[in-house]
Number of protein chains: 2
Amino acid sequence: MARQGLNREKLIEASISLMEEKGYNAFSMAELAKYVHVNPSSLYNHIESLDMLNTEVGLAAVERMVEAEKQAIAGKSQDEALFAIADAYRDFAKTHIELYRAVMNFQKTQNQVLEKAAGRIVDPILQVLSSYGLSRGDQMHWQRVLRSVMHGFIAHEEAGGFSHFPADRDESYRIAIQCVADGLCAAGRGEK
Amino acid sequence: MARQGLNREKLIEASISLMEEKGYNAFSMAELAKYVHVNPSSLYNHIESLDMLNTEVGLAAVERMVEAEKQAIAGKSQDEALFAIADAYRDFAKTHIELYRAVMNFQKTQNQVLEKAAGRIVDPILQVLSSYGLSRGDQMHWQRVLRSVMHGFIAHEEAGGFSHFPADRDESYRIAIQCVADGLCAAGRGEK
DNA sequence: ACTAAAAACAAATGTCATTCGTTTTTTGTG
DNA sequence: CACAAAAAACGAATGACATTTGTTTTTAGT
């Protein structure tokens with residue numbers, strides 16, 4: 001019954017660790033309580049709900065992913081930056097697959113939180129795209145294209161959807177990103 | 001207590017209807033039991049588990065999606081077929097978003113089931129790609145590229161991840177598919 | 001040392017999925 | 001038509017979960 005010195009931040013930290021360790025789906029209030037040696041009901045002295053905890057973990061994961069991306073693209077531009085951010089994105093998802101799940105499972109209800117996260121996620125991508133000389137409108141479209149390719153690839157890869165054929169997945173990803181690179185170059189030259 | 005004339009097929013059908021009506025997440029044994037006017041425990045006379053039911057619904061959804069795709073590409077080839085299948089894919093996902101979720105939430109554990117579903121999904125896509133004159137290896141890569149773009153786009157769109165900027169989403173999708181089309185043409189001409 | 005806030009607890013509620021044993025209904029055979 | 005066996009329903013129970021409430025313990029500030 002001795003106090004554990006808990007607070008909101010520590011619980012979020014513990015949630016991140018626990019989620020990485022046991023998996024996004026195995027995460028629960030009961031598991032978290034066990035992890036911090038406390039009764040499940042005691043958690044509510046520090047946090048409002050499981051939903052809120054999932055959101056906070058997702059936000060923290062976004063920060064880490066964005067940080068990794070920014071480091072990857074530092075000092076680079078155009079195709080070099082594009083491949084760097086694409087690789088960093090995939091590396092993060094593979095290394096922290098459970099955190100990546102937390103990001104992609106954001107509740108649609110939390111509109112303002114989602115808005116904030118979306119802004120952070122788009123930021124380094126727009127930075128890369130800015131070196132291609134696109135119109136403002138095209139930047140918006142191509143930002144979506146790149147995010148679609150990256151997430152779609154990782155989602156399939158992680159779900160085992162690419163296991164049917166034995167082709168090298170790294171090479172598939174390279175081809176996908178090169179495809180976007182070529183499209184960006186063409187768009188940058190003003191081709192429609 | 002009068003019998004309801006239930007069986008495995010009818011329960012799967014009911015599950016599909018219920019899932020489309022109430023949503024993938026709201027689906028439960030309790031809801032299904034209510035829907036077919038039976039005690040929850042009675043369901044186990046016909047099916048093994050909720051997991052198995054989710055899998056069956058997912059498989060049924062794959063069949064419907066593939067059917068829609070095949071109709072869309074009938075008699076078409078190259079870019080026309082590509083855009084047709086891409087639009088059919090997105091249309092299906094938007095019209096039956098809860099079924100689409102069921103497809104994308106396949107359990108990784110069910111390896112043979114996943115294998116079967118994967119084969120079905122890839123089939124119409126390979127049919128489209130076959131008109132581009134790719135090598136067998138390239139077909140495998142580009143099949144992955146196209147699936148990544150389509151699913152990634154829908155996942156983001158459906159999660160509200162494309163709401164941050166007011167750009168037209170239809171146009172973003174068109175650009176994404178055109179990007180793949182251009183890549184396919186180049187690959188078909190033997191460019192590396 | 002004492003008071004008040006903070007943090008822990010136990011117990012309870014209302015969800016689930018699933019299992020078990022029992023009762024009811026139907027089916028098929030004599 | 002009767003009767004036995006199979007099939008399908010049920011209720012009750014188990015153990016998981018999130019969350020609420022009321023109570024007790026611990027700590028911090030005075």
Side-chain angles (χ1 to χ4, degrees), chain A residues 1-60 98 101-102 105-110 113, chain B residues 1-60 98 101-102 105-110 113:
Chain A
M1 223 176 178
R3 294 198 181 183
Q4 306 301 124
L6 295 181
N7 57 41
R8 189 186 161 95
E9 268 79 41
K10 284 184 182 172
L11 283 182
I12 295 173
E13 273 306 310
S15 299
I16 293 172
S17 301
L18 194 54
M19 228 181 252
E20 292 221 73
E21 195 178 311
K22 299 287 178 72
Y24 179 81
N25 290 315
F27 181 74
S28 69
M29 290 303 238
E31 281 293 323
L32 179 60
K34 211 184 299 172
Y35 190 75
V36 298
H37 308 106
V38 105
N39 194 292
S41 62
S42 304
L43 297 174
Y44 292 86
N45 283 318
H46 308 284
I47 56 161
E48 296 86 60
S49 69
L50 176 60
D51 265 7
M52 165 264 172
L53 213 40
N54 276 320
T55 299
E56 289 298 328
V57 171
L59 284 177
E98 303 298 341
R101 281 204 178 93
N105 278 20
F106 262 128
Q107 313 295 352
K108 266 187 304 212
T109 48
Q110 307 266 27
V113 180
Chain B
M1 223 174 180
R3 295 200 181 181
Q4 306 302 124
L6 296 182
N7 58 40
R8 188 186 160 95
E9 267 79 42
K10 283 184 183 173
L11 282 183
I12 294 172
E13 273 305 311
S15 299
I16 293 173
S17 302
L18 194 55
M19 229 181 251
E20 293 220 73
E21 196 178 312
K22 300 286 178 74
Y24 180 80
N25 290 314
F27 181 75
S28 69
M29 291 302 239
E31 281 293 324
L32 178 60
K34 211 185 298 175
Y35 191 75
V36 296
H37 308 106
V38 104
N39 194 294
S41 61
S42 303
L43 298 173
Y44 293 86
N45 284 318
H46 309 284
I47 56 162
E48 296 85 58
S49 68
L50 175 60
D51 264 8
M52 164 264 173
L53 214 39
N54 276 319
T55 299
E56 289 298 328
V57 172
L59 283 177
E98 303 298 341
R101 281 204 178 92
N105 279 20
F106 263 127
Q107 315 293 353
K108 267 188 303 212
T109 49
Q110 308 266 28
V113 180

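Sequence lines set the chain letters: A, B, ... in the order given, protein chains first and strands last, and positions in each chain run from 1. What you see is a predicted model, and the numbers here were worked out from it, not measured in a lab. We use all heavy atoms of the structure for the numbers below, so side chains are in, but hydrogens, waters and symmetry mates are not.
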Separation of D/dT19 C1' from A/Met52 CE (nearest whole Å): 15 Å

d(CG, B/Asp51; C1', C/dC16) in whole Å: 14 Å

Tell me, which of residues 17-28 of chain A have any heavy atom that sits under 4.0 Å from an atom in DNA chain C? none

Hey, what do you get for CG (B/Leu6) to NE2 (B/His37), rounding to the nearest 0.5 Å? 11.0 Å

Heavy atoms, side chains only, cut-off 4.5 Å: are A/Phe27 and A/Val57 in contact? no

Whole angstroms only, please: what is the CE-C1' distance between B/Met29 and C/dT15? 15 Å

Between P on C/dT18 and CD1 on B/Ile47, what's the gap in Å once rounded to a whole number? 8 Å

Any side-chain heavy-atom pair from A/Arg8 and A/Glu56 closer than 4.5 angstrom? yes

I'd like a list of close polar pairs between nucleotides 10-13 of chain D and the protein, N/O only, cut-off under 3.5 Å.
from   : atom 1 : to      : atom 2 : distance (Å)
D/dC10 : OP2    : B/Asn39 : N      : 2.4
D/dC10 : OP2    : B/Ser42 : OG     : 2.9
D/dG11 : OP2    : B/Asn39 : ND2    : 3.0
D/dG11 : O6     : B/Ser41 : OG     : 2.9

In plain terms, say whether A/Glu98 and A/Arg101 are close enough for a salt bridge, that is, a side-chain N and a carboxylate O under 4.0 Å apart. yes

So, A/Asp51 versus A/Ser49: side-chain donor-acceptor pair below 3.5 Å or not? no

Close side-chain approach of A/Met19 and A/Asn54, heavy atoms under 4.5 Å: yes

For the atom pair CG (A/Leu43) and CG (A/Leu50), what is the distance rounded to the nearest 0.5 Å? 10.0 Å

To the nearest angstrom, the NZ-P distance between A/Lys34 and D/dC17 comes to 7 Å

Do A/Lys34 and A/Glu31 sit within salt-bridge range, that is, some charged N less than 4.0 Å from a carboxylate O? yes

Mind calculating the distance between CG (B/Leu50) and C1' (C/dT15) to the nearest angstrom? 14 Å

To the nearest Å, give me how far apart CG (A/Leu43) and P (C/dA6) are. 18 Å

Specify the separation, in whole Å, of atom CD of A/Glu31 and atom C1' of D/dA18. 14 Å

So, taking the atom named CE in B/Met29 and the one named OG in B/Ser15, what distance separates them when rounded to the nearest 0.5 Å? 8.5 Å

